[in-house]
Q: 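Sharing a structure, written as structure tokens. Questions coming.
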Amino acid sequence: MYWLMKSEPDEVSIDDVLTMPDRSVEWFGVRNYQARNFMRDQMQVGDGVLFYHSGCAEPGVAGLAEVSRTALPDETQFDAASPYHDPKATRDNPRWFCVRVRALQKTPLLPLSIMRKVPLLQEMRLLARGNRLSITPVTVDEWSCIKTLLQAS
DNA sequence: GCCAACGTTGGC
DNA sequence: GCCAACGTTGGC
């Protein structure tokens with residue numbers, strides 16, 4: 001399957017991940033049940049990932065990545081010092097899970113503003129009115145379209 | 001900084 | 001189970 005995963009570049013950018021060991025990072029900090037369920041129940045090793053920068057001056061797809069490990073409990077939920085701490089989570093009954101994501105390459109930025117204008121992308125979950133999900137599925141057609149756009153730029 | 005949209009919480 | 005209040009997301 002294919003996914004789009006949002007990250008704030010001030011927190012973890014595509015450049016950051018490319019400098020990490022194995023060029024990969026735990027996708028910690030997701031605290032939304034729908035996004036959690038995608039990671040826990042559906043994401044498989046090898047799934048394609050559009051690495052999206054959000055909450056920044058120019059939001060958009062900034063790189064290509066892949067799922068490199070299926071979901072495990074998100075350690076930050078147990079860490080009282082973490083902003084992602086969840087007092088209701090226990091080791092025996094974890095609430096939050098995260099996959100590991102390996103960056104493959106940085107790409108020229110494909111801005112959200114451009115994606116909104118591409119006819120083939122109009123049905124993207126990302127573009128749906130009021131969408132706030134930080135992880136959204138991407139269809140095969142959308143994936144192909146975006147890869148073409150990235151190569152063209 | 002604003003604010004629309006949505007998710008979660010908690011009283012009832 | 002309802003729903004008002006509140007908090008968060010995230011583009012602009």
Side-chain angles (χ1 to χ4, degrees), chain A residues 1-18 20 24-43 47-67 71-139 141-143 145-150 152-153:
Chain A
M1 297 185 70
Y2 299 106
W3 308 93
L4 181 143
M5 301 178 80
K6 294 180 187 174
S7 182
E8 301 195 9
D10 287 351
E11 294 263 349
V12 182
S13 71
I14 183 75
D15 292 307
D16 294 335
V17 182
L18 283 167
M20 290 174 184
S24 77
V25 65
E26 293 286 322
W27 211 263
F28 62 89
V30 170
R31 296 293 180 269
N32 169 282
Y33 289 104
Q34 260 186 286
R36 177 202 69 179
N37 292 348
F38 285 142
M39 286 199 282
R40 189 191 60 186
D41 305 335
Q42 293 192 244
M43 294 176 86
D47 280 4
V49 173
L50 299 171
F51 196 108
Y52 181 95
H53 284 173
S54 70
C56 54
E58 241 192 329
V61 174
L64 296 172
E66 66 180 4
V67 175
L72 290 176
D74 178 342
E75 286 298 316
T76 63
Q77 72 192 299
F78 308 123
D79 179 0
S82 168
Y84 302 113
H85 179 238
D86 183 345
K88 292 182 180 171
T90 64
R91 293 266 174 196
D92 287 343
N93 193 14
R95 185 182 285 203
W96 305 109
F97 294 80
C98 58
V99 296
R100 181 168 274 272
V101 173
R102 178 186 296 127
L104 297 176
Q105 59 171 301
K106 185 179 185 177
T107 63
L109 187 81
L110 176 59
L112 176 64
S113 56
I114 299 293
M115 296 170 72
R116 286 197 188 283
K117 294 176 183 169
V118 176
L120 284 172
L121 300 181
Q122 291 313 295
E123 300 302 314
M124 273 190 90
R125 185 86 172 265
L126 171 74
L127 304 184
R129 199 172 83 105
N131 171 66
R132 290 191 324 183
L133 263 188
S134 63
I135 299 175
T136 51
V138 172
T139 68
D141 289 347
E142 289 160 356
W143 177 267
C145 175
I146 288 168
K147 287 204 81 167
T148 303
L149 291 170
L150 290 172
S153 54

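Note on naming: letters A, B, ... go to the chains in the order of the sequence lines (proteins, then strands), and numbering restarts at 1 for each one.
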Q: Specify the residue among A:Gly130 and A:Lys88 whose closest nucleotide of DNA chain B lies further upstream toward the 5′ end.
A: A:Gly130
Q: Would you mind reporting whether A:Leu121 and A:Ile146 have side-chain heavy atoms less than 4.5 Å apart?
A: yes
Q: If we only count heavy atoms from C-beta on, is the A:Asp74 to A:Val30 side-chain gap below 4.5 Å?
A: no
Q: With respect to A:Trp96, which candidate in A:Phe78, A:Tyr84, A:Tyr33 satisfies the ring-ring contact (aromatic ring centres under 6.0 Å, His included) definition?
A: A:Tyr33
Q: At a heavy-atom distance below 4.0 Å, which nucleotide of DNA chain B is the first touched by chain A, and which is the last?
A: B:dA5 to B:dT8
Q: Less than 4.5 Å apart, side chain to side chain, heavy atoms only: is that true for A:Leu64 and A:Leu150?
A: yes
Q: Could you tell me whether A:Gln34 contacts a base, only the sugar-phosphate backbone, or nothing, with contacts defined as non-hydrogen atoms closer than 4.0 Å?
A: sugar-phosphate
Q: Is any side-chain heavy atom of A:Glu8 closer than 4.5 Å to one of A:Ser54?
A: yes
Q: Under 4.0 Å, heavy atoms only, any strand: does A:Arg31 hit a base, just the sugar-phosphate, or nothing?
A: nothing
